[in-house]
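Just so it is clear, the structure is predicted and the values come from calculations on it, not from any experiment.
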Protein chains: 2
Amino acid sequence: MGRKSLKETRRLEIIKVFYQVAKKEGYENTSIAKIAKVMDINPSLIIHYFETKEGLTYELIDHILDRYLLIYTIKNKGKATLADIQGTIEMLFSKKWNLLFDDGLFYTFYALAFREKKIKLKYKLILDALRNGLALMIEQCNEQHITNVENPQVTADFIFVLVDGAYFYLSMESDKKAYLDRLAYYKQKAYDALSISSVKAVSAPVC
Amino acid sequence: MGRKSLKETRRLEIIKVFYQVAKKEGYENTSIAKIAKVMDINPSLIIHYFETKEGLTYELIDHILDRYLLIYTIKNKGKATLADIQGTIEMLFSKKWNLLFDDGLFYTFYALAFREKKIKLKYKLILDALRNGLALMIEQCNEQHITNVENPQVTADFIFVLVDGAYFYLSMESDKKAYLDRLAYYKQKAYDALSISSVKAVSAPVC
DNA sequence: ATATTAATTGAATGTTCATTCAATCTATTA
DNA sequence: TAATAGATTGAATGAACATTCAATTAATAT
């Protein structure tokens, strides 16, 4: 008896709006009042569902990291193909995953991790998950003799160092051509580490 | 006639305290009032010297980036020695430069750069200066046949990708041994890129 | 010593903030 | 339809914030 709980849907709605507002105006400029205004609800309703702003923030971080994890979906086929690993490399060095989450916010909370152990652990977990996923994929490729990588984990880590290091610098680069050239260079380094050939360039569609 | 201006010394004092407080409590939790309290001066004096908090923030960023630049001092000898370049690599992959500036703040403002073009330009300038400095050093080593690197700029960039990528991940790593092992691995990659041997391990001093 | 210039204070402003609490509304079930 | 439980509101709180302005203090030059 009593009313049906909207708790989970409402919470998710709030987090999503929080994300959008923070994306636009920055996390430090996003208040509970602002979120409430956008949603056309009362600020106290947000407190009702999250208790404190800190609680709300933690959930936003989870939300962003979940999206970050979507960079690649690990296919549980058990057998990764050449196309799979090529697709993963292409994805990692493309800008597609910028659509998944906001870089600025990702780094904002990354910076916060230096002062908050809880957040640091969250980030560590996600970064490891990605690296382990790639290592697993390389292992499967090894088994099928698609690759012959001595230490899949070390190679996976190395590829992510290339990705993270490249984007760290390139995020400050505004010259589009320079951006793409550099990225292509580091992508090739990744292919070299795997000793596989890069995916064939797809010809542009004729309009 | 009139009183001697303390403007520059006072400004620097304020920025330094701002830095210390922000380091401890985080930039977003550092108010003008807090800085003033630590300095035992009136908050309005800070406004008097910096006009707005934004102005103060920009100067703090400059301050941090200046320190970041100290990662290595470019010796204008004109002729870099093997020891110079080895020293530089050792420095880049050591934790010594964590003493120069606070990582958390560095990333906080890095994140801010995604929304503020001015800051992005500042960061770009510094990142390029470091890369160009290393490229120059490699060129000098080439001339003396210490190294034989085909493209010094590309190699310098690559080494910084290793540095940035490694620290990006390792900043979230709390296991000390894992941290050092990984760092050593990427340092070796840097030496490989230069085709020079790493510096000999220095034996620990006997106490 | 007096004029001048800058340093510094202190009080006041208005805004925004997170959070509280009690009151009201609304859907669901018995 | 009446009881119930959760959803939502609205008003209020007190703290902290950046910034203002006029007043005061202190050093330097003539």
Pi-cation contact, Phe114(B) with Lys120(B) (under 6.0 Å, within 45°): yes

Exercise: identify the closest heavy-atom pair between Leu105(B) and Lys23(B): CD1-N, 3.6 Å

Rounded interatomic separation in angstrom, taking CD1 from Ile46(A) and P from dG10(D): 15 Å

Set of ring pair (Phe, Tyr, Trp, His ring centres under 6.0 Å) partners for Tyr27(B), sequence neighbours left out: Phe109(B)

OP1 or OP2 of dT16(C) under 4.0 Å from side-chain N/O of Ser31(A): no

Phe168(A) and Tyr123(B): CA distance, side-chain angles, deciding distance, ring-ring contact (aromatic ring centres under 6.0 Å, His included) verdict: CA-CA 11 Å; Phe168(A) 175 80; Tyr123(B) 267 77; 7.9 Å; no

For nucleotides 19-23 of chain D, tabulate all protein N/O to nucleotide N/O atom pairs closer than 3.5 Å, reporting atom names and distance.
from, atom 1, to, atom 2, distance (Å)
dT19(D), OP2, Lys53(B), N, 2.7

Can you name the atoms? Protein N/O to nucleotides 1-5 of chain D N/O, anything below 3.5 Å, with the distance.
none

Value in whole Å for how far the C1' atom of dC17(C) lies from CD1 of Ile35(A): 12 Å

Atom-pair distance (NZ on Lys34(B); P on dA15(D)), nearest Å: 15 Å

Ile41(A) CD1 to dC25(C) P, straight-line distance once rounded to whole Å: 19 Å

Minimum heavy-atom distance between Ala135(A) and Gln153(A), given as atom pair plus value: CB-OE1, 3.6 Å

OP1 or OP2 of dG6(D) under 4.0 Å from side-chain N/O of Arg10(A): no

Any side-chain donor near an acceptor of the partner, Asp102(A) and Tyr107(A), under 3.5 Å: no

Sugar-phosphate only, base, or nothing, as touched by Tyr49(A) at under 4.0 Å among non-hydrogen atoms: sugar-phosphate

Salt bridge (Lys or Arg N to Asp or Glu O under 4.0 Å) partners of residues 49-65 of chain A, not counting sequence neighbours, each pair once: Arg11(A)-Glu59(A), Asp62(A)-Lys122(A)

Inter- and intrachain pairs under salt bridge (Lys or Arg N to Asp or Glu O under 4.0 Å), touching residues 160-177 of chain A, at least two apart: Arg131(A)-Asp164(A), Glu173(A)-Lys124(B), Lys177(A)-Asp181(A)

ring-ring contact (aromatic ring centres under 6.0 Å, His included), paired with Phe101(B), selected from Tyr110(B), Tyr19(B), Tyr68(B): Tyr68(B)

Donor + acceptor pair across side chains of Tyr191(B), Glu90(B) (<3.5 Å): yes

Whole angstrom value for the distance that separates P of dT25(D) from NE2 of His48(B): 17 Å

Trace of the ring-ring contact (aromatic ring centres under 6.0 Å, His included) decision for Trp97(B) with Phe106(B): CA-CA 12 Å; Trp97(B) 55 292; Phe106(B) 181 82; 8.0 Å; no

Sugar-phosphate, base or nothing in reach of Leu45(B), heavy atoms under 4.0 Å: base

Within residues 18-27 of chain A: residues closer than 4.0 Å to DNA chain C (heavy atoms): none

Spacing between Asn29(A) atom CG and dT15(C) atom P, to the nearest angstrom: 18 Å

N-O pairing of Glu13(A) and Arg10(A) below 4.0 Å: yes

Integer-rounded Å distance: dA18(C) P and Glu28(A) CD: 13 Å

Rounded distance in Å - CZ (Arg11(B)) to P (dA7(C)): 11 Å

